[in-house]
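We name chains A, B, ... by the order of the sequence lines, and we start the count at 1 in each one. Note that the structure is predicted; figures quoted are calculated from it, not measured.
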Amino acid sequence: MPIVTRFAPSPTGHLHIGGARSALFCWAFARKNGGRFMLRIEDTDAARSSLESARGIIEDLHWLGIVNDLGPYIARDGSIGQHDWDAASGRPPVGEFFQAKRVPIYNQYLEQLVRAGRAYPAFESNEEIEAQRKAAVAAKQTYRYPRPSEIEYGKFNAALEARWRRALAGERHVVRFAAPHEEIVVHDQVLGDVKYAPGEMDDFVIRKADGFPIYHFAVVIDDETMGVTHVMRAQEHLNNTPRHVALQKALGFRTPFYAHMPLIINMDNSKMSKRDKAKFARKAAKDAMAKDRSITAATLAPAAGIDEKLLAQFLAGENDSLEVAQPLARYFKLALPEIEVWDFRQNGYLPEAITNFVALLGWNPGLKTPDGKDLEKFDMKFLAEHFGIERIGKTSSKFDRAKLLSFNADAINALPDEEFAARWRAWCEEFESDFAKAVGPSEGRWLALARAVKPRAKTLRDGVRASAFLLRSDAARDFDPAAIEKNLKANGGQGLGLLRTVEERLGSLAPAEWTPALIHSLIEQVGQQAGTGMGPVSQAIRVAISGAAVSPPLGESLAVLGPVSAMARIRTCLEQQAV
RNA sequence: GGCCCCGUCGUCUAGCCCGGUCUAGGACACCACCCUUUCACGGUGGGGACAUGGGUUCGAAUCCCAUCGGGGUCACCA
């Protein structure tokens, strides 16, 4: 039997970074063992699932380089296609990888369970159950649904048949699994044997009143019928596993291998969730309001362009809407924490940095580099060749953004200039279109800028920030006062004098001589002749062309700017300072 | 609260299974110095951990137990 792993997200938003790691490990395990990696969409929550989310998740995975052998993919024309088992595999085709389309299959197994006396319709309303649960909690008891006395475990008796008829007649009901009263052992490949005592499990719901299966039921049937051999998922699912094992036994299915991976959590030990964005924005707003009493929901809403009522609810913690969090963050000029793959992509992270970093959260190749250090930089190919369950750890890992950033910077710098330029440009066109337009269509210009920016960019967005001087008007006079003071006026106006010399010398360069190398040596010469070295010369020019004391190296900067702009800026600066 | 999992530098981890080679190694972050046209990069060095307490043993980060701590989960969500 071929090894089959699966990643089975529910399409309720973008791909979570933790989900990305699950998918990555499943993918790598399949690759390493010559198996197949399957994608399945768990959209049985009709209210929260959407096709757009499913599409987004598939795209996120694709962007990361995690490509599935089985299940949905997005075709060139944008439609969703499905890879299925072919005749040569000897397996029946799956047909549908979206659970919502598999309801008849679930119902068929459900009936089998009912007729075996291992499942039964229950007619209590959600409210009734909820009330019982609350009462139990109030009495400090663990709530377990009490199996009706007329239900006989493993027998399709008259009472069960009567219930089944009521259900078939259309009476509103759920179907519950008659859980076994026996110890259940989960043989986990990471954690070892995990035992659950008899009676821990109650008769949980396996089909909702709306006719959709509950997660546990759909998963078990799908894993069996789709040929899944290895279930690798986050540890938050560990306590679900005995249910799955019990269901498999009741249905006569095999039990796949399980491997539960450690959780990825925030630096403050909290769970990394989409809601963190709302929490972050709420805190920012509240901090601002505490600092400045004149800021209230009423003043903030129009200023940030948010509906006042929505904002008030948001601040009260009654909703976690991104419609509020995003404009709030923009207004306070803060970046929301990145939680989903899309966030990282938008903020200029490279997929290879993300997969590399995330692979190290809870897994480690256990290899050394030639100079004896832990090997931790690797690519997808390496993962596909070296990944194994044995080296998955048991302890949850905190998501250290600083280290990711460092990985990203390294990944950027490992790129050849040309490739970086092309990828940076494509990213800018997608996420920084104003900047992309300002740079223009010239490939040479992009490459020159990219060369200047690459060594100091930790993200693609950093490259834009570093190039911001390009967008400055040649006539702009808003020079950073501190920079003016230090680099132009100090030492009796030394910088200004040097800048005048530079202006003359630069002005005499022929257009063909306007290259990074020649500009650089010109600056060097001026510095030498003035006896100051090139430092003060450089800083004076930097202030003149960028308005600040920080910019990419000058040769490249001036070259990209071009003689007309560069000279104009120097003159502007000189004029302003002469006044 | 019940059940379940986990516990090596601030963080990710190597080492643990097969006790001695561990005065516990690496990476990120931090600090200092060097390099340097700014900012970065880079280089060198530094501080920094076996949760605690008991065992077992000649010897424990490594094996056992307890305590403490952290997390997960207890839905007609997945």
Hey, does A:Arg391 reach any base, or is it just sugar-phosphate, or nothing, if we go heavy atoms under 4.0 Å? sugar-phosphate
In whole Å, what separates the P atom of B:G15 from that of B:C58? 28 Å
So what's B:C3 paired with, Watson-Crick or G-U wobble, going by both distances under 3.5 Å? B:G72
When you compare B:G70 with B:U8, how far apart are their C1' atoms, in angstrom units rounded to a whole number? 15 Å
From the options A:Asp193, A:Thr255, A:Thr241, select the one residue that forms a side chain to side chain donor-acceptor pair (under 3.5 Å) with A:His187. A:Asp193
If you count heavy atoms of other groups shown closer than 6.0 angstrom to CZ of A:Arg472, is the number above 12? yes
Is the glycosidic torsion of B:C41 within 90° of 0, making it syn, or is it anti? syn
Side-chain heavy-atom pair A:Ile412, A:Lys458 within 4.5 angstrom cut-off: no
Atom-pair distance (NZ on A:Lys195; C1' on B:C5), nearest Å: 15 Å
Look through every strand shown and name the nucleotide pairing with B:A29 as Watson-Crick or G-U wobble, where both distances are under 3.5 Å. none
Looking for any heavy atom pair under 4.0 Å, which part of the strands does A:Gly533 touch: base, sugar-phosphate only, or nothing? nothing
Name the closest nucleotide to the A:Ser397 side chain, picking from B:U38, B:C6, B:U13. B:U13
Is the ring pair A:Phe204/A:His216 parallel, tilted or perpendicular, if the boundaries are 30 and 60 degrees? perpendicular
What one-letter contact string describes nucleotides 67-78 of chain B from 5' to 3', where B marks a base within less than 4.0 Å of any protein heavy atom, S marks contact via sugar-phosphate atoms alone, and - marks no contact? ---SSBS-SBBB
Could you walk me through whether A:Leu39 and A:Phe97 pass the side chain to side chain contact (heavy atoms under 4.5 Å, CB included) test, one step at a time? CA-CA 8 Å; A:Leu39 181 62; A:Phe97 290 87; over 6 Å; no
Donor-acceptor pairs are to be reported for all side-chain atoms of residues 542-559 of chain A against protein atoms at under 3.5 Å, with residues two or more places apart or in another chain.
{"residue": "A:Arg542", "atom": "NE", "partner": "A:Gln539", "partner atom": "OE1", "Å": "2.7"}
{"residue": "A:Arg542", "atom": "NH1", "partner": "A:Ser551", "partner atom": "O", "Å": "3.3"}
{"residue": "A:Arg542", "atom": "NH1", "partner": "A:Ser551", "partner atom": "OG", "Å": "3.0"}
{"residue": "A:Arg542", "atom": "NH1", "partner": "A:Pro552", "partner atom": "O", "Å": "3.2"}
{"residue": "A:Arg542", "atom": "NH2", "partner": "A:Gln539", "partner atom": "OE1", "Å": "3.4"}
{"residue": "A:Ser546", "atom": "OG", "partner": "A:Arg542", "partner atom": "O", "Å": "2.7"}
{"residue": "A:Ser546", "atom": "OG", "partner": "A:Ala548", "partner atom": "N", "Å": "3.2"}
{"residue": "A:Ser546", "atom": "OG", "partner": "A:Ala548", "partner atom": "O", "Å": "3.0"}
{"residue": "A:Ser557", "atom": "OG", "partner": "A:Pro552", "partner atom": "O", "Å": "3.2"}
{"residue": "A:Ser557", "atom": "OG", "partner": "A:Pro553", "partner atom": "O", "Å": "2.8"}

Please measure how far the C1' atom in B:C17 lies from the corresponding atom in B:G2, and state the result in whole Å. 32 Å
Does B:A24 have a Watson-Crick or wobble partner in any strand here, with both distances under 3.5 angstrom, and which is it? none
When rounded to the nearest Å, what value does the distance between P atoms of B:G42 and B:C28 take? 8 Å
Protein proximity profile, nucleotides 16-37 of chain B - base contact B, sugar-phosphate-only contact S, no contact -, cut-off 4.0 Å on heavy atoms: ---------BBBB--------B
For the P atoms, the ones on B:G43 and on B:C35, what distance do you get once it is rounded to whole angstrom? 16 Å
Nearest-angstrom distance, P atom, B:C74 to B:A14: 29 Å
For the P atoms, the ones on B:G72 and on B:C30, what distance do you get once it is rounded to whole angstrom? 29 Å
Would you say B:U11 has OP1 or OP2 under 4.0 Å from some side-chain N or O of A:Lys398? yes
Partner of B:U36 under the Watson-Crick or G-U wobble criteria, both distances under 3.5 Å, comes out as none
Figure out the CG/C1' separation between A:Asn487 and B:U38, and round it to whole Å. 8 Å
Evaluate the criterion side-chain hydrogen bond (donor to acceptor under 3.5 Å, both in side chains) for residue pair A:Asp45 and A:Tyr215; output intermediate values, then yes/no. CA-CA 9 Å; A:Asp45 185 344; A:Tyr215 162 74; over 6 Å; no
C1'-based separation of B:G59 from B:G19 [nearest Å]: 8 Å
Could you walk me through whether A:Leu15 and A:Phe7 pass side chain to side chain contact (heavy atoms under 4.5 Å, CB included), step by step? CA-CA 11 Å; A:Leu15 177 60; A:Phe7 177 59; 3.7 Å; yes
Is a donor-acceptor contact shorter than 3.5 angstrom present between the side chain of A:Arg456 and the base of B:C41? no
If you measure from the Lys or Arg side-chain nitrogens to the Asp or Glu carboxylate oxygens, is any gap between A:Arg40 and A:Asp223 under 4.0 Å? yes
